[in-house]
Amino acid sequence: MKKFLSHNNEIILRKACAEDAINLNNFFKSVSLETSHFGLEPDEVTFTNKQQELIINKFSQADNALLLIATLNNKIIGALSFGVGPSKKFQHVGEFGVDVLKDYWNLGVATELIKLLINWAKENKSIYKLNLRVRSDNENALHLYKKLGFKEEGILKNEMMCNGVLYDLINMRLMVN
Ligand SMILES: CC(C)(COP(=O)(O)OP(=O)(O)OC[C@H]1O[C@@H](n2cnc3c(N)ncnc32)[C@H](O)[C@@H]1OP(=O)(O)O)[C@@H](O)C(=O)NCCC(=O)NCCS
């Protein structure tokens, strides 16, 4: 667990546990409604609380996956998930996603969540590379990842379609070991 203070808010970062399932489902629902940068449409955020609990348990039992949350006054305001590839040849590389509720943007929540991921990955000697994909018009996310040392690796043309509009995604990576 890690705490940090931003604009007089005490924000707690920790691994998600089964008791967070309901709040995490509500968090993802809110994020999907607030921004089109989230990977799912609101009607695709359909995990039941029981399913979310099982997902959280899977993350906590794996030593090469991580599900972190950021809370403020016990409310989940940010989350980061990381997992490696399914087969042996890709278990040294993983992809993560990070999201923060709009009311709490620019408080440093995503920065602190990603720093925790990087430190965890460095200590976990089996992980060599952190990947992510970001929409090319997501300026604050691009700024955030570059600030933390992520480099662009390539462009996936027209990879995402939102409301009939096609967007490029940028692959980014950070070598950690
Ligand atoms: C992208 C996202 C995760 C960032 O979370 P956050 O907690 O606000 O991020 P932080 O506060 O740690 O950092 C944001 C940085 O972007 C900067 N920023 C804000 N608006 C910006 C803009 N329009 N252009 C460039 N930089 C911008 C901030 O100044 C800050 O940088 P700094 O620390 O150097 O001052 C959040 O905006 C979000 O959840 N967006 C919707 C979902 C999403 O896009 N997820 C990522 C998908 S790849």
Side-chain angles (χ1 to χ4, degrees), residues 1-16 20 23-45 47 52 55 59 65-85 93-121 129-163 165-174 176:
M1 187 174 84
K2 179 179 168 184
K3 288 181 187 176
F4 74 101
L5 202 62
S6 178
H7 299 74
N8 287 328
N9 298 302
E10 190 185 64
I11 296 166
I12 294 175
L13 309 180
R14 62 172 173 81
K15 287 186 183 179
D20 297 312
N23 290 337
L24 199 56
N25 266 344
N26 291 336
F27 167 80
F28 285 127
K29 194 66 164 178
S30 301
V31 172
S32 72
L33 289 163
E34 282 181 352
T35 172
S36 66
H37 290 290
F38 187 60
L40 299 172
E41 295 287 358
D43 63 0
E44 294 174 308
V45 185
F47 287 135
Q52 189 64 258
I55 292 168
F59 270 97
L66 195 60
L67 179 54
L68 295 173
I69 56 169
T71 66
L72 176 60
N73 299 328
N74 295 319
K75 175 182 176 174
I76 298 179
I77 59 166
L80 177 151
S81 64
F82 170 87
V84 297
V93 183
E95 183 162 336
F96 76 93
V98 61
D99 302 286
V100 174
L101 289 182
K102 206 167 198 166
D103 282 348
Y104 306 93
W105 284 6
N106 299 319
L107 293 179
V109 175
T111 301
E112 295 301 323
L113 284 168
I114 298 169
K115 280 185 183 169
L116 263 190
L117 167 70
I118 295 170
N119 287 339
W120 170 87
K129 186 181 175 193
L130 306 177
N131 286 334
L132 65 90
R133 288 176 301 158
V134 56
R135 220 167 79 183
S136 59
D137 63 336
N138 197 343
E139 289 180 358
N140 49 343
L142 279 163
H143 170 90
L144 164 75
Y145 302 136
K146 285 179 186 163
K147 176 184 81 173
L148 291 167
F150 286 80
K151 304 281 185 238
E152 293 188 13
E153 268 199 334
I155 294 180
L156 302 163
K157 285 301 285 179
N158 293 349
E159 186 75 5
M160 186 188 267
M161 188 189 280
C162 289
N163 301 321
V165 180
L166 289 164
Y167 293 92
D168 297 345
L169 295 186
I170 301 175
N171 270 329
M172 299 188 83
R173 53 109 168 104
L174 183 75
V176 286

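As the structure lists them, so they are numbered: ligands from 1, and atoms in each ligand from 1. The first residue in the sequence is number 1, and the count goes up from there.
Of all protein heavy atoms, the one lying nearest to atom 29 (O) of ligand 1 is Asn106 OD1, 4.3 Å. In this structure, atom 18 (N) of ligand 1 lies nearest to the protein heavy atom Asn140 CB, 3.5 Å. Among protein heavy atoms, atom 44 (O) of ligand 1 sits closest to Asn138 ND2, 2.8 Å. The nearest protein atom to atom 12 (O) of ligand 1, hydrogens excluded, is given as Thr111 OG1, 2.5 Å; this is a heavy-atom distance. Considering only non-hydrogen protein atoms, atom 1 (C) of ligand 1 sits nearest to Ala141 CB, 3.7 Å. Nearest protein heavy-atom neighbour of atom 9 (O) of ligand 1: Ala110 CB, 3.5 Å. Atom 40 (N) of ligand 1 has its closest protein heavy atom at Trp105 CZ2, 3.3 Å. Atom 32 (P) of ligand 1 has its closest protein heavy atom at His143 NE2, 3.5 Å.
Across all their heavy atoms, Asn158 and Asp168 have their closest contact at N-OD1, 2.9 Å. Closest approach of Ile76 to Leu24, counting heavy atoms only: CD1-N, 3.7 Å.
Within the listing of ligand 1, atoms 7 (O), 12 (O) sit less than 4.0 angstrom from a heavy atom of Val109. Below 4.0 Å from some heavy atom of Val134 lie the following atoms of ligand 1, by number and element: 48 (S). If you number the atoms of ligand 1 from 1 as listed, the ones under 4.0 Å from a heavy atom of Asp99 come out as 39 (O), 42 (C), 43 (C), 45 (N). For ligand 1, the atoms closer than 4.0 angstrom to any heavy atom of Gly108 are 10 (P), 11 (O), 12 (O).
Counting heavy atoms closer than 4.0 Å to ligand 1, residue Glu139 contributes atoms from both its backbone and its side chain. Residue Tyr145 touches ligand 1 through its side chain alone, judged by heavy-atom distances below 4.0 Å. Only the backbone of Arg133 comes within 4.0 Å of ligand 1, judged by heavy-atom distances.
For ligand 1, one of its N or O atoms has an N or O atom of Val100 under 3.5 Å away. Between Leu144 and ligand 1, no pair of N/O atoms sits closer than 3.5 Å. Note: no N/O pair closer than 3.5 Å links Thr35 and ligand 1 by distance alone. Considering backbone and side-chain atoms alike, Lys147 places an N or O below 3.5 Å from some N or O of ligand 1. Looking at Tyr104 next to ligand 1, no N or O pair under 3.5 Å apart turns up. Residue His37 has no nitrogen or oxygen atom sitting less than 3.5 Å from a nitrogen or oxygen atom of ligand 1, judged on distance alone.
Using a 4.0 Å cut-off between charged side-chain N and carboxylate O, Asp103 and Lys75 make no salt bridge.
Enclosure of atom CZ in Phe59 by more than 12 non-hydrogen atoms of other residues, nucleotides or ligands within 6.0 angstrom is indicated. Counting heavy atoms of neighbouring residues, nucleotides and ligands inside a 6.0 Å radius, atom CG of Asp43 exceeds 12 of them. Other residues, nucleotides and ligands contribute more than 12 heavy atoms inside 6.0 Å of the NZ atom of Lys29. Few gaps surround NZ on Lys147; more than 12 heavy atoms of other groups in view lie less than 6.0 Å from it.
Look at Val98 and you'll find a heavy atom under 4.0 Å from some atom of ligand 1. In this structure, Glu34 does not count as a contact residue of ligand 1, since none of its heavy atoms falls inside 4.0 Å of the ligand.
Interatomic distance, NZ of Lys157 versus OG of Ser136, reported as 7.5 Å (0.5 Å rounding). Distance check: Lys2 NZ to Glu112 CD gives 4.0 Å after rounding to the nearest 0.5 Å.
For Tyr104 and Phe27, the ring centers are positioned 6.0 Å apart or more.
Ring pair Phe96/Tyr145 is perpendicular by interplanar angle, where above 60° counts as perpendicular and below 30° as parallel.
Results of the salt bridge (Lys or Arg N to Asp or Glu O under 4.0 Å) test with Arg133 over Glu153, Glu152, Glu95 single out Glu95 as the only residue that passes.
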